[in-house]
Amino acid sequence: MVSRAPGARSGRTGRVNATAVIAIDGPSGSGKSTVAECVAQRLDLSWLSSGALYRALTRLALDRFGGIGPPGGLLDLMRDTHWTVSGATVYAADLDLTATLHSSEVDSLVAPVSAIPAVRTAVNRTLRARVAGGKWVVEGRDMGTEVFPDAVVKVFLDAAPDVRARRRARQRGSAGRLAGRIAADLAERDRRDRRKPMGALRPAADAQVIETSHLTVTEVCDKIVAVIPTNFPPE
Ligand code: DC
């Protein structure tokens, strides 16, 4: 089932232009970033990875505090930093953090960082401000459920755990060798993501669920483009 926003209302949250969003959620390795970029290119939209912002906050905290520090420090860091997110690129003020976001250190600490409700609220505010007035594909865990509940189209991508682990290993140039460790790490992050008190990983009630284990990126992209209303973005 696919959600279609009823006209151009601003939605129950009252946010301007919240309907000019295509929301893609799913677990790690389900192909969200690649697919979001593909859909954005096809329709000439901007896209962003919300996970990249959680990773960038984690990276900055590690650099500033030598760890993730207390929740209050993290929250101040999130609020006091001027963030620019575009695709999977993240700047903190004029510092490009993109190349540092996938270290094993960030991998292991981003889950506790993103589990703090006050941090999520601050991240969500930054994401909404970023997309305001534009036409966006956004991807993450809670784009369709929490951050953009009025998104025109909501998609939840999934894939079998072993397929997702192989994709991640390939992405990191470690096919085979580290696949076992990556699979264990993904399973642990899935477990944490699904149990978060706020922003838990789950499909929105009105999301279209796409099982991508046996599909190519182009096939998934085609399926999503096919359900986007021809009048997107709404006037
Ligand atoms: O998609 P990713 O693997 O880059 O996400 C990194 C982490 O951030 C992952 O542990 C889940 C978390 N995350 C989240 O809690 N909410 C989002 N909207 C996006 C990511």
Side-chain angles (χ1 to χ4, degrees), residues 2 17-57 59 83-91 96-102 106-107 110 114 123-124 126-144 147-148 151-159 163-173 175 182 186 189 193 201 203-204 207-230 232-233:
V2 177
N17 224 9
T19 48
V21 163
I22 294 164
I24 302 179
D25 290 306
S28 287
S30 57
K32 300 182 301 291
S33 291
T34 321
V35 167
E37 184 171 15
C38 175
V39 173
Q41 275 176 358
R42 292 260 194 102
L43 299 176
D44 197 21
L45 310 171
S46 307
W47 77 279
L48 67 78
S49 156
S50 56
L53 182 54
Y54 283 106
R55 286 174 179 276
L57 174 62
R59 179 72 264 162
W83 299 100
T84 309
V85 193
S86 180
T89 299
V90 186
Y91 279 80
D96 183 356
L97 294 169
T98 313
T100 68
L101 301 183
H102 290 272
V106 171
D107 271 355
V110 66
S114 62
V123 166
N124 294 351
T126 298
L127 294 170
R128 291 177 189 132
R130 178 71 176 133
V131 311
K135 303 172 248 172
W136 286 82
V137 182
V138 295
E139 63 91 346
R141 304 292 190 286
D142 58 348
M143 298 298 99
V147 189
F148 302 105
V152 175
V153 171
K154 300 179 189 178
V155 175
F156 189 90
L157 300 183
D158 211 348
V163 173
R164 294 193 283 119
R166 275 202 301 277
R167 285 177 185 164
R168 264 289 140 93
R170 215 176 307 124
Q171 240 172 22
R172 297 188 177 183
I182 289 174
L186 280 187
R189 273 203 288 148
D193 282 347
L201 173 67
Q208 182 186 10
V209 178
I210 304 179
E211 197 351 288
T212 71
S213 297
H214 303 291
L215 298 177
T216 64
V217 170
T218 308
E219 286 168 336
V220 179
C221 196
D222 287 346
K223 278 181 184 284
I224 297 175
V225 169
V227 297
I228 294 172
T230 48
F232 180 86

Enquirer: Using only atom types and a distance under 3.5 Å, with no angle test, would you say the side chain of K154 pairs donor to acceptor with the backbone of G144?
Expert: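 Indeed, once roles are kept as given, a pair shorter than 3.5 Å links the two residues.
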Enquirer: Looking only at heavy atoms, what is the nearest atom pair of V85 and W136, with distance?
Expert: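 Closest approach of V85 to W136, heavy atoms only: O-CH2, 4.3 Å.
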Enquirer: So, the side chain of E211 versus the backbone of S213: is there a donor-acceptor pair under 3.5 Å, distance only?
Expert: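 Side chain of E211 to backbone of S213, a donor-acceptor pair under 3.5 Å: yes, one is there.
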Enquirer: Under the criterion side-chain contact (heavy atoms from CB on, under 4.5 Å), I'd like the reasoning laid out for I24 against F156: C-alpha separation, chi angles, the key distance, then a yes or no.
Expert: CA-CA 6 Å; I24 302 179; F156 189 90; over 6 Å; no
Enquirer: Could you walk me through whether I22 and F232 pass the side-chain contact (heavy atoms from CB on, under 4.5 Å) check?
Expert: CA-CA 10 Å; I22 294 164; F232 180 86; 4.0 Å; yes
Enquirer: I'd like to know if D193 pairs up with R141 as an ion pair, taking the criterion as any Lys NZ or Arg NE/NH1/NH2 lying under 4.0 Å from an Asp or Glu carboxylate oxygen.
Expert: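 A salt bridge is present here (some side-chain N lies under 4.0 Å from a carboxylate O).
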Enquirer: P27 versus L186: any side-chain heavy-atom pair under 4.5 Å?
Expert: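 Of all side-chain heavy-atom pairs linking L186 with P27, none is under 4.5 Å.
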Enquirer: Classify the side-chain pair R55/T98 by whether it contains a donor and acceptor separated by less than 3.5 Å.
Expert: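 Distance-only check fails for R55 and T98.
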Enquirer: Look only at the side chain of E37 and the backbone of T34, and say whether a donor-acceptor pair between them is shorter than 3.5 Å.
Expert: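 Answer holds: no.
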Enquirer: How close do R168 and I182 get, counting heavy atoms only, and between which atoms?
Expert: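 That would be CB-CG2, 3.7 Å.
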Enquirer: Is there a donor-acceptor contact under 3.5 Å from the side chain of D25 to the main chain of M143?
Expert: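 Yes, D25 side chain to M143 backbone: donor-acceptor pair under 3.5 Å.
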Enquirer: If we ignore hydrogens and angles and just use 3.5 Å, is the side chain of D96 paired with the main-chain N or O of Y91 as donor and acceptor?
Expert: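 No: the side chain of D96 does not pair with the backbone of Y91.
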Enquirer: Quick one: does any side-chain atom of T212 pair with a main-chain N or O of L215 as donor and acceptor, under 3.5 Å?
Expert: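 Looks like no, no N/O pair under 3.5 Å.
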Enquirer: Looking only at heavy atoms, which two atoms of A56 and W83 are closest? And how far apart?
Expert: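 The answer is CB-CZ3, 3.7 Å.
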Enquirer: Kindly indicate whether the side chain of I210, heavy atoms from C-beta on, has any atom under 4.5 Å from the side chain of V155.
Expert: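 In short, these two side chains touch, coming nearer than 4.5 Å.
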Enquirer: Can you name the closest pair of heavy atoms from A88 and S49 and give their distance?
Expert: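 Smallest interatomic distance, heavy atoms only, reads CA-CB, 4.3 Å.
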Enquirer: Kindly give the heavy-atom pair with the smallest separation between K32 and G26, and that separation in Å.
Expert: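 Shortest heavy-atom separation between K32 and G26 comes out as NZ-O, 3.1 Å.
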Enquirer: Just how far is it from atom OG of S50 to atom CG of N124, taken to the nearest 0.5 Å?
Expert: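 Here the interatomic distance stands at 8.5 Å.
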Enquirer: For a 4.5 angstrom cut-off between non-hydrogen side-chain atoms, does V138 reach L127?
Expert: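 Side chain of V138 against side chain of L127, heavy atoms only: no contact under 4.5 Å found.
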Enquirer: Which atoms form the tightest heavy-atom contact between R167 and G29, and what is the distance?
Expert: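 Looks like NH1-O, 3.1 Å.
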Enquirer: Report yes if some heavy atom in the side chain of R130 is under 4.5 Å from a heavy atom in the side chain of S86; otherwise report no.
Expert: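 Yes. Closest side-chain heavy atoms under 4.5 Å.
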Enquirer: Quick one, Q208 and V227 - any side-chain contact, counting heavy atoms below 4.5 Å?
Expert: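 The answer is yes; the side chains approach within 4.5 Å.
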Enquirer: Drop me the distance from L101's CG to Y54's OH, to the nearest 0.5 angstrom.
Expert: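 Result: 14.5 Å between the selected atoms.
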Enquirer: Tell me which donor-acceptor pairs under 3.5 Å the side chains of residues 38-48 have, and how far apart each pair is, sequence neighbours excluded?
Expert:
| unit_1 | atom_1 | unit_2 | atom_2 | d |
| --- | --- | --- | --- | --- |
| R42 | NH1 | D222 | OD1 | 3.0 |
| R42 | NH2 | D222 | OD1 | 2.7 |

Enquirer: Quick check for you: to the nearest 0.5 Å, what is the distance between L157 atom CG and R164 atom CZ?
Expert: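 That separation rounds to 11.0 Å.
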